[in-house]
Chemist: 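Here it is, the structure in full.
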Amino acid sequence: MSALNPTHDPKRRSWVETANAREAAFPVQNLPYGVFRRKSGPEAARAGTAIGDQILDLAGARRAGLIDGRAADACSEPTLNRLMALAPADWTRLRQQISDCLATDGERADDCRRRAAELLVPIADATLELPAEIGDFTDFFTSIYHATNTGTMMRPDSPLMPNFKYVPTAYHSRASSVVVSGAPVRRPNGQAIDPGAAAPRFGPSRLLDYECELGFFIGAGNRLGEPIPVARATEHIFGFCLLNDWSARDIQGWEGQPLGPFLGKSFSTTISPWVVTTEALAPFRGPAFVRAAGDPAPLAHLASADDAARGGLDIVMEVWLQTARMRQEGAAAVRLSQSNANDCYWTVAQMVAHHTSNGCNLRPGDLCGSGTVSGKDKGSYGCMLEMTWRGTQPVTLPNGEQRNFLEDGDELALRAHCARAGAVSIGFGECRGLVEPAR
Ligand code: CA
């Protein structure tokens with residue numbers, strides 16, 4: 001598990017002044033990776049690091065000799081897959097070099113600063129692309145509060161399935177329809193059955209929802225047939241993003257038995273463009289979710305003392321909504337909920353260990369989702385299904401509008417940050433999508 005090193009030093013500042021603002025998402029301690037190109041003119045997509053309101057062009061930094069090694073070589077590619085496929089030691093080396101370029105006291109700072117005009121691109125002038133070519137996308141179901149709430153709606157007598165405390169449950173979702181923040185999301189058409197109806201209808205979903213999730217990208221994969229032990233799983237996680245698993249609850253409800261989610265989920269999943277590395281999150285690790293007295297201990301293949309002590313991630317996650325009317329009225333987005341990645345019953349290391357425990361191979365750039373991150377209280381419910389209790393308790397917005405589920409023109413944004421005494425706060429940026437009417 002990555003340890004603290006000089007790149008985390010809270011005293012480090014950047015010569016890119018916007019990175020030093022108190023509320024900056026991308027200070028020099030963060031250094032997330034993304035794939036970008038300038039909006040103006042045709043040019044190749046390549047890797048960059050967010051610093052304040054700027055992007056450091058890593059392909060340019062490599063050409064200028066400011067960074068080197070095989071991780072730096074991978075930064076000229078139009079996806080991060082090759083970088084992700086390397087070892088944690090390569091990632092650490094590149095991060096140290098980038099920190100040395102961008103920190104005021106960094107060894108490479110003078111050279112980098114001299115070339116700032118060619119190497120820095122304002123985030124506002126860039127198009128951010130999907131960070132990786134995603135081969136597979138697996139979505140877990142790890143918040144016990146989300147599982148209990150949604151279970152209560154279906155099975156009031158036994159909300160939690162008997163496997164929940166033993167198995168980090170998941171389903172295989174669709175990689176092809178993962179889109180990057182800012183891409184519109186079209187309301188899907190599908191089959192659903194209205195209460196009391198004898199037969200289903202086909203048409204636009206009437207119960208469109210979001211799910212606030214933590215996403216993570218697999219780094220080096222495993223060979224088919226060779227499980228990743230839980231104690232080594234963190235080495236296989238390159239980094240994290242925000243993930244909105246858009247869900248059409250009416251389609252999902254009708255199609256879901258017996259094989260689980262399909263078209264109610266596969267029409268779109270939005271992720272944030274910046275990948276916050278496992279290493280950047282080191283200061284925000286802590287104990288994993290504390291199981292209630294009487295809960296079973298994880299089976300041996302999912303148990304690790306180090307993971308129990310440091311596998312928890314203190315990431316504050318927020319959901320923001322701006323309706324079409326709010327936009328017209330010039331009203332800012334309103335926060336619907338706030339939860340924490342630590343509300344997940346299973347750690348990401350346990351998810352990876354479980355995923356590969358049957359020998360299934362993960363590959364660099366594979367995407368996993370935590371499942372809806374809901375906390376204990378209503379203000380921390382990570383989807384509208386829970387917040388409005390399946391549409392029976394609508395949410396009233398500051399302008400008087402009400403929502404049972406999402407309407408056309410609604411823009412949903414996920415945001416997240418980490419804050420802890422003795423560390424510089426880091427952010428994830430945004431995971432945003434505007435709902436367009438059905439075709
Ligand atoms: Ca989900």
Chemist: Yes or no on ring-ring contact (aromatic ring centres under 6.0 Å, His included) for Tyr33 and Trp274, after CA distance, side-chain angles and deciding distance?
Modeler: CA-CA 6 Å; Tyr33 295 105; Trp274 295 109; 9.1 Å; no
Chemist: Restricting to side-chain contact (heavy atoms from CB on, under 4.5 Å), what partner residues turn up for Arg327, sequence neighbours left out?
Modeler: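 Here the qualifying residues are Gln322, Ala324, Glu411, Leu434.
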Chemist: Can you find a side-chain donor-acceptor pair between Asp53 and Thr18 that sits under 3.5 Å?
Modeler: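 Yes.
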Chemist: Identify the two heavy atoms, one from Glu235 and one from Pro88, that lie closest to each other, and give their separation to 0.1 Å.
Modeler: O-CG, 3.6 Å
Chemist: Take atom CD of Glu107 as the centre, draw a 6.0 Å sphere, and report whether it contains more than 12 heavy atoms from other residues, nucleotides or ligands.
Modeler: no
Chemist: State, to 0.1 Å, how close Phe289 and Asn342 come at their nearest heavy-atom pair, and which atoms those are.
Modeler: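 So the minimum-distance heavy-atom pair works out to CD1-O, 3.4 Å.
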Chemist: Hey, does the side chain of Asp377 reach the backbone of Gly379 with a donor-acceptor pair shorter than 3.5 angstrom?
Modeler: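 Side chain of Asp377 to backbone of Gly379, a donor-acceptor pair under 3.5 Å: no, none is there.
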Chemist: Going through the checks in order, is the ring-ring contact (aromatic ring centres under 6.0 Å, His included) test met by Phe240 and Phe428?
Modeler: CA-CA 9 Å; Phe240 295 79; Phe428 279 68; 7.5 Å; no
Chemist: Going by atom types only, do Asp306 and Ser304 share a side-chain donor-acceptor pair under 3.5 Å?
Modeler: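 No, because no side-chain N or O of Asp306 sits under 3.5 Å from a partner of the opposite role on Ser304.
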Chemist: Does the cation-pi check pass for Arg291 over Trp346, that is, NZ or CZ under 6.0 Å from the six-membered ring centre and within 45° of its axis?
Modeler: yes
Chemist: Applying ring-ring contact (aromatic ring centres under 6.0 Å, His included), name anything that partners Tyr381, two or more places apart in sequence or on another chain.
Modeler: none
Chemist: Any Lys/Arg nitrogen of Asp68 or Arg62 sitting under 4.0 Å from an Asp/Glu carboxylate oxygen of the other?
Modeler: no
Chemist: Locate the shortest heavy-atom distance separating Leu120 from Leu56; write the atom from each residue and the value.
Modeler: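 Closest approach of Leu120 to Leu56, heavy atoms only: CD2-CA, 4.0 Å.
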Chemist: Show the numbers, then the answer: is there a salt bridge (charged side-chain N to carboxylate O under 4.0 Å, His left out) between Asp125 and Lys39?
Modeler: CA-CA 6 Å; Asp125 295 347; Lys39 284 176 185 162; over 6 Å; no
Chemist: Considering all heavy atoms of both residues, which atom of Ser339 and which atom of Gly375 are nearest to each other, and what is their separation?
Modeler: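 Scanning both residues completely, I find the closest heavy atoms to be CB-N, 4.2 Å.
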Chemist: Please determine whether salt bridge (charged side-chain N to carboxylate O under 4.0 Å, His left out) holds for the pair Glu318 and Arg415, giving the CA-CA distance in whole Å, both sets of side-chain angles, and the decisive distance to 0.1 Å.
Modeler: CA-CA 5 Å; Glu318 298 178 338; Arg415 297 177 192 161; 5.4 Å; no
